Amino acid sequence: MKKQARLILEDGTEFSGWSFGAERRTAGEVVFNTAMTGYPESLTDPSYAGQLLVMTYPLAGNYGVPSTGMSASGLPLFMESERIHVKALIVADYSEAYSHWNAKESLDAWMKREGVPGLTGVDTRRLTKLLRERGVMRGRLILDHSPELEEDESTEDYGSVNWVERVSCKEVVTYQPMATKRHRLVLVDCGVKANIIRCLLQRGVEVVRVPWDYDFNQMDFDGLFLANGPGDPERCEATVAHVRQFLHHERVRPCMGICLGNQLLARAAGAMTYKLKYGHRSHNQPVQRVGTPQCFITSQNHGYAVDANTLPEEWSPLFVNMNDGSNEGIRHKEKPWMSAQFHPEACSGPVDTEFLFDEFVNMLR
């Protein structure tokens, strides 16, 4: 029997619908994603930690969920991490029936097993327009007439929490490449997506994954990779301090950042970051490579951006968003340091910019 549930935004606006997934209350920052596919990857993306995810594409669950098992490399077979990170999923139409050659279970069953609630039957178009006009805001998902259920209605402000600390690995983990080992790379795990590691392993790179606040400067490695992750980059001062030390080291080694990694590299260089009104979360963000006519369609998931006007003289923008003009990557004018605000490894696509991994690996020596 369906149970009624509601989303209540901090401005008092309510959206009524039906519960699916785990039957529990929750609260967090409400954000929207305009991608048409990829809900298993989105739900397991650590960058969504602390957030209630609204899917603007009206149908979800119709192709089920693939295996949540692990591969021999120690990475998830199909997911972006070992668990669901969103606090809730909000959709217009949840499909109870699913069909796909790779499906192992329904979206509902998976969310129940992971303790994550869902809300369906909601006018997500109206909800998205509201978030675009007023900006992202906190919201509570509650089940009507079920006061005995477990509650998770923390009053903590999203920006005040160090979400990176909550999703980062707790110890050093090493992944061996699929081909002959060419280089050794330190990857700072701020909430890394598994496909980033897969892309590096495919290119013959040994990946040493370290916690967000780990002092990697005493290690022996050929290059540094700054991963994606959730929340405000200002909460990652420990990471920024270590990156700044790396940038000032007498031995110059290549560095690449993705998403939050772009923001952390910029802050280590001396630039500032700021919060976007409603963020970029989609598979169709147009990005131009600065100084060229090249434009790429990119996948993105971030709520903060680099203020390109604050970049030091020796740094310059590498990419720019063609929708709102916000920064999409930076580069050092002389040294092998670059970053992208979007996801070149995007899973479930697009993969137009995966060549950036080749550019980075080719800089290693």
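Keep in mind the model is a prediction, meaning the values are calculated, not measured.
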Shortest non-hydrogen separation from L247 to A268 and the atoms involved: CD1-CB, 4.0 Å

Donor-acceptor under 3.5 Å (N262 side chain, V306 main chain): no

Separation of E23 CD from M111 CE (nearest 0.5 Å): 12.0 Å

Spacing of CG belonging to L264 relative to CH2 belonging to W212, to within rounding of 0.5 Å: 10.0 Å

Heavy-atom neighbours of R125 CZ exceed 12 at 6.0 Å: no

Donor-acceptor under 3.5 Å (D189 side chain, P211 main chain): no

Nearest heavy atoms of A269 and P312, plus distance in Å: O-CG, 3.0 Å

Point-to-point distance, once rounded to the nearest 0.5 Å, from SG of C236 to CG of L260: 5.5 Å

Flag, side chain of D222 to backbone of R184, donor-acceptor distance under 3.5 Å: yes

Single-linkage hydrophobic cluster, 4.5 Å side-chain cutoff, M363 and L356 together: yes

Whether H242 and F216 hold their rings parallel, tilted or perpendicular, with breakpoints at 30° and 60°: perpendicular

Distance in Å, D11 CG paired with R134 CZ, rounded so as to fall on 0.5 Å steps: 4.5 Å

Mutual orientation of the aromatic rings belonging to F319 and F342 [parallel < 30°, tilted 30-60°, perpendicular > 60°]: perpendicular

H332 and W337 aromatic ring geometry - parallel, tilted or perpendicular at 30°/60° bounds: perpendicular

Test item: H302 and L276 side chains (from C-beta on) under 4.5 Å apart, heavy atoms: yes

Criterion side-chain contact (heavy atoms from CB on, under 4.5 Å) on N301 and N33, from CA distance to verdict: CA-CA 8 Å; N301 176 16; N33 186 314; 5.7 Å; no

Which atom of P230 lies closest to which atom of V167, heavy atoms considered: CD-CG2, 3.7 Å

N162 side-chain N/O to R235 backbone N/O, donor-acceptor pair under 3.5 Å: yes

Heavy-atom donor-acceptor pair, T120 side chain to Y94 backbone, under 3.5 Å: yes

Matching residue for L187 among I197, V173, V210, V208 - test: side-chain contact (heavy atoms from CB on, under 4.5 Å): I197

Ring geometry between W163 and Y158 (parallel below 30°, tilted from 30 to 60°, perpendicular above 60°): parallel

E359/R331 under salt bridge (Lys or Arg N to Asp or Glu O under 4.0 Å): CA gap, chis, key distance, verdict: CA-CA 13 Å; E359 290 188 6; R331 68 174 183 88; over 6 Å; no

hydrophobic_cluster_shared for V172 and F221, side chain cutoff 4.5 Å: yes

F246 six-ring centre to R253 NZ/CZ under 6.0 Å and within 45° of normal: no

Any donor-acceptor pair under 3.5 Å from S95 side chain to Y98 backbone: no

Separation of Q285 CD from M322 CE (nearest 0.5 Å): 12.0 Å

same_hphob_cluster(L311, M272) at 4.5 Å side-chain heavy-atom cutoff: no

V65 and M79, any side-chain heavy atoms less than 4.5 Å apart: yes

S339 side chain near L226 side chain, heavy-atom distance below 4.5 Å: no

K129, NZ atom: more than 12 neighbouring heavy atoms under 6.0 Å: no

side-chain contact (heavy atoms from CB on, under 4.5 Å) assessment of L127 paired with L7: CA-CA 10 Å; L127 175 53; L7 171 68; 3.8 Å; yes

Close side-chain approach of P344 to I258, heavy-atom, < 4.5 Å: yes

Check: R138 main-chain N/O paired with E10 side-chain donor or acceptor under 3.5 Å: yes

Side-chain donor/acceptor of Y63 to backbone N/O of G38, under 3.5 Å: yes

Same apolar cluster: M137 and Y48, side chain cutoff 4.5 Å: yes

Heavy-atom side-chain proximity of L89 to V116 below 4.5 angstrom: no

Working for side-chain contact (heavy atoms from CB on, under 4.5 Å), residues Q245 and D215: CA-CA 10 Å; Q245 183 180 347; D215 186 2; 4.3 Å; yes

Side-chain touch T44/P76, heavy atoms, less than 4.5 angstrom: no

Atom of P46, atom of V192 and distance for their closest heavy-atom approach: CG-O, 3.9 Å

Step-by-step salt bridge (Lys or Arg N to Asp or Glu O under 4.0 Å) determination, K333 to E313: CA-CA 9 Å; K333 294 178 181 179; E313 185 178 351; 5.7 Å; no

Side chain to side chain donor-acceptor pair (under 3.5 Å) between S282 and N284, worked out: CA-CA 6 Å; S282 65; N284 61 349; 3.1 Å; yes

Closest contact, heavy atoms only, P350 versus I297: CG-O, 3.2 Å

N195 side chain to E345 backbone, donor-acceptor under 3.5 Å: yes

Carboxylate-amine/guanidinium contact R203 E354, below 4.0 Å: yes

Intermediate values then yes/no, side chain to side chain donor-acceptor pair (under 3.5 Å), Q294 and Q288: CA-CA 6 Å; Q294 293 178 312; Q288 181 181 7; over 6 Å; no

Non-hydrogen side-chain atoms of H280 and T298 separated by less than 4.5 Å: no

Criterion salt bridge (Lys or Arg N to Asp or Glu O under 4.0 Å) on D232 and K275, from CA distance to verdict: CA-CA 8 Å; D232 189 341; K275 186 166 186 176; over 6 Å; no

Exam field: side chain Q263 to backbone Y304, donor-acceptor pair closer than 3.5 Å: yes

Side-chain heavy atoms of V31 within contact of L131, under 4.5 Å: no

ILVMFWY cluster, I196 and V361 together (side-chain gap under 4.5 Å): yes

E29/K87 salt bridge by N-O under 4.0 Å criterion: no

Atom pair CD/CG of E206 and L200 - distance to nearest 0.5 Å: 12.0 Å

Minimum-distance pair of heavy atoms, taken over all atoms of E96 and K2: OE2-CE, 3.9 Å

Residues N327, Q341; criterion side chain to side chain donor-acceptor pair (under 3.5 Å); working and verdict: CA-CA 7 Å; N327 176 262; Q341 186 61 61; over 6 Å; no

